[in-house]
J.: 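Here's a structure for you.
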Amino acid sequence: MQTRHVKIIGTGKYMPKRRVTDSEMDRALGVPEGWVRKKTNVIHRHFVEDETASFMGAKAAYAALEAAGLTFDDVDCLVCTSGTMEQPIPCTAALIQEAMGQQHSGVPAFDINSTCLSFVAGLDVMSYMVEAGRYRRVLLVSTEIASKGLNWKQKESAALFGDGAAAAVIAKSGPEERSRILSACMETYSAGAHLSEIRGGGSGRPAGAFAPETAEHYLFDMQGEPLFRMASKKLPDFMNRLLAGAECSIANIKLVIPHQGSAMAMRLLSRKLRISEEQLLYITPDHGNTISASIPMGLHEAIRQGRIERGDRVLLIGTSAGLTLGGVVLDY
């Protein structure tokens, strides 16, 4: 069963208070003026000040509920779909529930983590639960603080990222409604597992083993060029399989909302997958790469800007650490 009669009924986002310009990033990275904008096309992004991931997630969640015309009492499941965690235990979803002031609600809360594709994975998995009637309405929250784990010695990757949160409420669509999920696909090629990783903090390199001389193991490490080459090779055939599952072509897609990985990734999508400029939603210049929050942020902006209306066909697509490719075709 690929088709699911499930719709997105509300979205929201939260951006941290601190706005960081490309010039500030140039100075922080010790590079010439204009280097960050040329390499990444990120003009500004946001970094947290005193905000936590759960605080941001709660803000985005309440914004999504408001957009849907609902209260927290109308939701029967909360899923955090994030690539970073506030702390190892408990799951970030439980901390978001607490930050929402709903700590006595009993609403089930758990995490789904597929790094940058966490929202796509969460939407795919939880839509089946809604279709089956297990849950009526599910609140999906992606909240990311990339700035705390950047390796500032790896200038090209450090220059890409921003912090922020986005959320979406999903529910079953009515029999007369066009809103539905048509196709979803995810493929992992662990030959690229070590091209994008944080090695420390888990059982392999536990927190207790941290020492200043091994600090880089606890920071984000990305080998951009081999990762890009691998994704470039895999994406076209993956896209064909994803679209075939929805029985449509790229020409039938009103809007493509990609993971906002980098300017180079956007060019790859446009060229390799034959996506026109009018079809592509591009928010990297004023958001940066916000990990799993980038796709739901893009979805939120597409709705807010009037780029999509009910019934329009939308493609969510991206890559993540793993190496994983993932996407969803839906009629909004």
Side-chain angles (χ1 to χ4, degrees), residues 2-3 7-8 11 13 37-45 116-117 119-120 123-124 160 162 166 168 178-187 224 227-320 323-332:
Q2 278 276 31
T3 300
K7 65 178 179 178
I8 294 160
T11 62
K13 82 170 187 177
R37 187 178 298 197
K38 181 179 179 182
K39 284 285 184 181
T40 68
N41 203 33
V42 180
I43 298 169
H44 69 262
R45 84 289 310 279
C116 296
L117 287 172
F119 179 81
V120 169
L123 177 61
D124 185 19
L160 287 171
R178 292 178 57 191
S179 300
R180 56 189 176 155
I181 292 174
L182 295 164
S183 174
C185 188
M186 181 171 282
E187 298 174 1
L227 192 65
F228 180 81
R229 287 195 302 270
M230 190 173 181
S232 178
K233 184 178 178 181
K234 299 289 186 184
L235 265 173
D237 288 343
F238 171 82
M239 173 75 106
N240 290 338
R241 288 188 286 274
L242 176 61
L243 292 175
E247 297 182 346
C248 71
S249 69
I250 194 65
N252 303 125
I253 303 294
K254 173 68 178 295
L255 193 67
V256 179
I257 302 175
H259 168 52
Q260 308 288 319
S262 66
M264 187 165 62
M266 296 301 103
R267 288 193 291 269
L268 166 68
L269 279 170
S270 298
R271 186 180 71 253
K272 283 256 183 181
L273 307 183
R274 299 174 186 170
I275 300 168
S276 70
E277 187 175 336
E278 294 75 23
Q279 286 177 299
L280 189 68
L281 186 87
Y282 184 48
I283 62 170
T284 304
D286 56 357
H287 290 73
N289 180 341
T290 52
I291 315 178
S292 74
S294 75
I295 287 178
M297 278 183 183
L299 179 64
H300 175 77
E301 287 301 317
I303 296 166
R304 188 185 68 82
Q305 296 171 22
R307 297 280 302 271
I308 55 174
E309 298 177 352
R310 284 293 173 195
D312 286 342
R313 190 153 294 180
V314 176
L315 169 63
L316 312 178
I317 190 166
T319 63
S320 70
L323 169 77
T324 297
L325 296 80
V328 172
V329 181
L330 60 92
D331 287 343
Y332 172 71

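Every heavy atom of this structure was used, including side-chain atoms; hydrogens, water molecules and symmetry mates were not.
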J.: Checking I308 against I303 for the side-chain contact (heavy atoms from CB on, under 4.5 Å) test, could you report, in this order, the C-alpha distance in whole Å, the side-chain angles of both residues, the deciding distance, and whether it holds?
T.: CA-CA 6 Å; I308 55 174; I303 296 166; 3.9 Å; yes

J.: About how many Å separate CZ of F228 and CG of L235, when rounded to the nearest 0.5 Å?
T.: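 Going from CG on L235 over to CZ on F228, the span is 9.5 Å.
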
J.: Locate the shortest heavy-atom distance separating V120 from G326; write the atom from each residue and the value.
T.: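 Looking at all heavy atoms of both residues, the shortest contact is CG1-C, 4.3 Å.
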
J.: Less than 4.5 Å apart, any side-chain heavy atom of T319 and any of T324?
T.: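 A side-chain contact is absent here, since even the closest heavy-atom pair is not under 4.5 Å.
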
J.: Measure the spacing between CD1 of I257 and CZ of F119 and express it to the nearest 0.5 Å.
T.: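 Those atoms lie 9.0 Å apart.
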
J.: Could you walk me through whether L315 and L255 pass side-chain contact (heavy atoms from CB on, under 4.5 Å), step by step?
T.: CA-CA 6 Å; L315 169 63; L255 193 67; over 6 Å; no

J.: Ignoring hydrogens and angles, tell me if any N or O in the side chain of Q2 forms a donor-acceptor pair with the backbone of A184 under 3.5 Å.
T.: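 Yes: the side chain of Q2 pairs with the backbone of A184.
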
J.: Do R307 and E301 come within less than 4.5 Å of each other through their side chains, counting heavy atoms only?
T.: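 No, their side chains stay 4.5 Å or more apart.
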
J.: Hey, does the Lys NZ or Arg CZ of R310 hover above the aromatic six-ring of Y332, less than 6.0 Å from the centre and inside 45° of the axis?
T.: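 Yes, a cation-pi geometry holds between R310 and Y332.
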
J.: Write down the atom of C116, the atom of S320, and the distance for their closest heavy-atom approach.
T.: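 C116 and S320 have their closest heavy atoms at N-CB, 3.5 Å.
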
J.: Taking M297's backbone N and O only, do any of them form a donor-acceptor pair with Q260's side chain (distance below 3.5 Å, no angle check)?
T.: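 A pair under 3.5 Å: no.
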
J.: Identify the heavy atoms of L281 and G298 that sit nearest to each other, and give their distance.
T.: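 The pair with the smallest heavy-atom distance is CD2-O, 2.9 Å.
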
J.: Taking salt bridge (Lys or Arg N to Asp or Glu O under 4.0 Å) as the criterion, tell me which of K254, R178, R180, K7 meets it with D331.
T.: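 With D331 as partner, K254, R178, R180, K7 yield a single salt bridge (Lys or Arg N to Asp or Glu O under 4.0 Å), made by R180.
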
J.: Could you walk me through whether N289 and H259 pass side-chain contact (heavy atoms from CB on, under 4.5 Å), step by step?
T.: CA-CA 8 Å; N289 180 341; H259 168 52; 3.1 Å; yes

J.: If we ignore hydrogens and angles and just use 3.5 Å, is the side chain of Q279 paired with the main-chain N or O of I250 as donor and acceptor?
T.: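 Judged by distance alone, yes, a pair lies under 3.5 Å.
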
J.: Does H287 reach the main-chain N or O of I283 with its side chain, forming a donor-acceptor pair under 3.5 Å?
T.: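 Side chain of H287 to backbone of I283, a donor-acceptor pair under 3.5 Å: yes, one is there.
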
J.: For the residue pair L243 and V329, establish whether any side-chain heavy-atom pair is separated by less than 4.5 Å.
T.: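 Yes - at least one pair of side-chain heavy atoms lies under 4.5 Å apart.
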
J.: Would you indicate whether Q305, at its atom CD, is surrounded by more than 12 heavy atoms from other residues, nucleotides or ligands within a distance under 6.0 Å?
T.: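 Counting neighbours around CD of Q305, more than 12 heavy atoms of other residues, nucleotides or ligands fall under 6.0 Å, so yes.
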
J.: List the steps and the verdict of side-chain contact (heavy atoms from CB on, under 4.5 Å) for L123 and L316.
T.: CA-CA 10 Å; L123 177 61; L316 312 178; 3.8 Å; yes

J.: Measure across S183 and A246 and return the closest heavy-atom pair with its distance rounded to 0.1 Å.
T.: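 Heavy atoms only, the tightest pair is CB-N, 3.5 Å.
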
J.: Are there more than 12 heavy atoms of other residues, nucleotides or ligands under 6.0 Å from atom CZ of R241?
T.: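 Above 12, so yes.
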
J.: Is T290 reaching over with its side chain to a backbone N or O of S294, donor-acceptor style, under 3.5 angstrom?
T.: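 A pair under 3.5 Å: yes.
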
J.: Within a strict 4.5 Å, meaning less than it, do heavy atoms of the T11 and P296 side chains meet?
T.: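 They are not in side-chain contact.
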
J.: Could you report the tightest heavy-atom contact between L242 and G327, atom names first, then the distance?
T.: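 That would be CD1-O, 3.6 Å.
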
J.: Would you say I317 and M239 make side-chain contact, with heavy atoms under 4.5 Å?
T.: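 Yes. Closest side-chain heavy atoms under 4.5 Å.
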
J.: With side chains defined as the heavy atoms from C-beta onward, is the minimum distance between I8 and L330 less than 4.5 Å?
T.: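 In short, these two side chains touch, coming nearer than 4.5 Å.
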
J.: Compare every heavy atom of I253 with every heavy atom of C248, then report the nearest pair and how far apart it is.
T.: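 In terms of heavy atoms, the two residues are closest at SG-CD1, 4.2 Å.
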
J.: I need the L117 CG to L325 CG distance, nearest 0.5 Å.
T.: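 If we round to the nearest 0.5 Å, L117:CG and L325:CG are 8.0 Å apart.
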
J.: Flag the pair K234 and E187 as a salt bridge only when some basic side-chain nitrogen lies within less than 4.0 angstrom of an acidic carboxylate oxygen.
T.: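 A salt bridge is absent here (no side-chain N lies under 4.0 Å from a carboxylate O).
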
J.: Is N41 close to T284 at the side-chain level, that is, under 4.5 Å between some pair of heavy atoms?
T.: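 They are not in side-chain contact.
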
